[in-house]
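Below is one structure, written out as structure tokens; comments come after it.
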Amino acid sequence: MSERGRIAVYLVAASALAALLVLAFLRMPAFGSDVHLYRDLAVPAAVKHVTANVVSAVNFDQRALDTLGEETILLGSVVGAAALLRPAQRESERRSPRTGRTLEATGLMGYVLLPVTLIGASTWWRTDR
């Protein structure tokens, strides 16, 4: 893509983002007002769940989508870094093939911690469901 094309795409995207931000700021309730949309929706939803308190319900039940979004961002950044750091075709031709050998300490720790991982996962599965 040419430089002019990139600038045109940027200007369209930046103007759309600016318009969305202006609309969002204009529709915000006034600071210190009695309108609290999140409170009006979160507290009744938290009371429906059987938790120790409202804070726990909000953190563990209602913020799950937020956590999913954060994990998606993390996955995207890892995939992007892997794509950027992969060797070019001419670089991979010069490399010697990997042997695929694992360090003995890494293999030992994997075997030692596998039962701990399985017990933890099975305990979580029984208590969460």
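All values below come from the heavy atoms of this structure, side chains included, with hydrogens, waters and symmetry mates left out.
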Exercise for the section: Only one of V79, I73, T72 passes side-chain contact (heavy atoms from CB on, under 4.5 Å) with L75; say which it is. Expected result: V79

Exercise for the section: Determine whether I7 and L17 fall in the same hydrophobic cluster, where Ile, Leu, Val, Met, Phe, Trp and Tyr are linked whenever their side-chain heavy atoms lie under 4.5 Å apart. Expected result: no

Exercise for the section: Find out if a path of hydrophobic residues (ILVMFWY) with successive side-chain heavy-atom gaps under 4.5 Å connects M28 to L21. Expected result: yes

Fill in the blank from the handout: Taken in chain and number order and not counting sequence neighbours, the residues that satisfy side chain to side chain contact (heavy atoms under 4.5 Å, CB included) with R6 are M1, E3

Practice task
Return the set of residues passing side chain to side chain contact (heavy atoms under 4.5 Å, CB included) with T106 (not counting sequence neighbours), or none when no residue passes.
Solution key: T102, L103

